[in-house]
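In what follows, a single structure is set out as C-alpha cells and then discussed.
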Amino acid sequence: MARTAYLGRQRAAKLQAWAVWKSEARPGLRRHAEAVEQCALCVLDPVSVAGAFMGAAFGQPQRAPFISKRDKRRYHEIKDQQPDRGAAAARFAAAFRSVHRHGPSTRQLCEALGWDREARAVHAYIVNRLLANGWLTVNPPVPWSLRPDIANPTVALLLGLDVPATPGPRRPDAALVPLASHRPD
C-alpha cells in the first residue's frame, strides 16, 4: 500500500514537471510534444512521453549505440533479405506522419517493417544506417521526429514530390507539393 502511494506521488511529480517543461518549451517543440502526447492512434503513457522529451531536452547524454558482432551480422542478414528497406522506411514514415501528425519512434518504424523481434541495438543500428544513407532524417534529440529525407532526390521522387533542378535550401514538409502526374483527379 505504501509503495502504491509512493508511485502515485512520483507519477504526479513527473506530470507536474512535464507541465512546467511544456510551458517553458519553444512553441514548435511544445506543439510536437503535445501531438505525440495526445495522439489517439499511439495511446502513449504521458509519463513515458514526458521522460522522452525532458530527458532529451535536459541534456541526458545521447550515447552512440553499441552494436555487437552478432547484432551487426543480424543487420546484414536483414539488409540482404530486404534490399528495398530504405524506400519502405521512407514510405512508412511519410504515411505515419500524415496520419499521426508526428513521426514514428524507432520501435514503431521497426515493428511496421517487420523487425519487431530484433534487439534494441539492432533497431538503433538499422535506423542509424537509414539516416546515414539519406532515406530518413531526424531532429536530434527530439523524440518521434523521424521523417523521410526529402532533400534526397531519390526519396522525393519515390514520394511523388517535385525535385528542384538545382539544390536549394531545405523546404519544410508542408511546403512540398505532389507532382501533377500524382495528383488525384
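Position 1 is the first residue of the sequence, and the numbers go up from there. Computed from a predicted model, the values in this text were never measured in an experiment. Keep in mind that the numbers below use all heavy atoms, side chains included, and drop hydrogens, waters and symmetry copies.
Between D149 and G134, the shortest heavy-atom distance links the atoms CB-O, 3.2 Å. Closest of all the heavy-atom pairs between C110 and V127 is SG-CG2, 4.4 Å. Closest non-hydrogen pair, L136 versus L131, comes out as O-CD2, 3.4 Å. Taking every heavy atom of both residues into account, L159 and A94 meet most closely at CD2-CB, 4.0 Å. The shortest non-hydrogen separation linking P148 to R97 is CD-CD, 4.4 Å. Shortest non-hydrogen contact noted between A33 and F53 is CA-CZ, 3.6 Å.
Here the straight-line distance linking atom NZ of K72 with atom NE2 of H76 works out to 5.5 Å at 0.5 Å rounding. Interatomic distance, D80 CG to E77 CD, rounded to the nearest 0.5 Å: 8.0 Å. For the atom pair CG of N152 and CG of L157, the computed distance is 9.0 Å after rounding to the nearest 0.5 Å.
The closest side-chain heavy-atom distance from L109 to L130 is below 4.5 Å. Proximity of L113 to R85: side-chain heavy atoms (C-beta onward) are nowhere separated by under 4.5 Å. Two residues are said to be in side-chain contact when any heavy atoms from C-beta on lie closer than 4.5 Å; V49 and W18 meet this criterion.
No donor-acceptor pair closer than 3.5 Å links the side chain of R147 to the backbone N or O of G103. Side chain of S145 to main chain of N139: a donor-acceptor pair is present (N/O by atom type, distance under 3.5 Å, no hydrogens or angles). Within the 3.5 Å criterion, the main-chain N or O of W135 finds no donor-acceptor partner in the side chain of N133. Although no hydrogens or angles enter the test, the distance criterion places a donor-acceptor pair under 3.5 Å between the side chain of H32 and the main chain of W144. A distance-only check finds no donor-acceptor pair linking the side chain of D71 to the backbone of I67 [under 3.5 Å].
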Item to check | side-chain contact (heavy atoms from CB on, under 4.5 Å) between V122 and W115, intermediate numbers included | outcome: CA-CA 9 Å; V122 177; W115 307 319; over 6 Å; no

Checklist entry - Can C42 and Q108 be said to form a side-chain contact (heavy atoms from CB on, under 4.5 Å), step by step? => result CA-CA 9 Å; C42 292; Q108 289 167 322; 3.3 Å; yes

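Tested against T106 for a side chain to side chain contact (heavy atoms under 4.5 Å, CB included), the candidates H123, R120, E111 yield a single pass: H123.
Ring-plane geometry between Y125 and Y75 is classed as perpendicular, the angle between the planes exceeding 60 degrees on a 0 to 90 degree scale with a lower cut at 30. In this structure, H100 and H102 have perpendicular ring planes: the angle between them is above 60°, well past the 30° mark.
For R101, the CZ atom sits in a loose shell: 12 or fewer heavy atoms of surrounding residues, nucleotides or ligands are nearer than 6.0 Å. In this structure, Q38 places its CD atom where more than 12 heavy-atom neighbours from other residues, nucleotides or ligands lie under 6.0 Å away.
Pairs of residues two or more places apart, or lying in two chains, that qualify as salt bridge (Lys or Arg N to Asp or Glu O under 4.0 Å) and include a residue from residues 32-49 are R11-D45, K22-E37.
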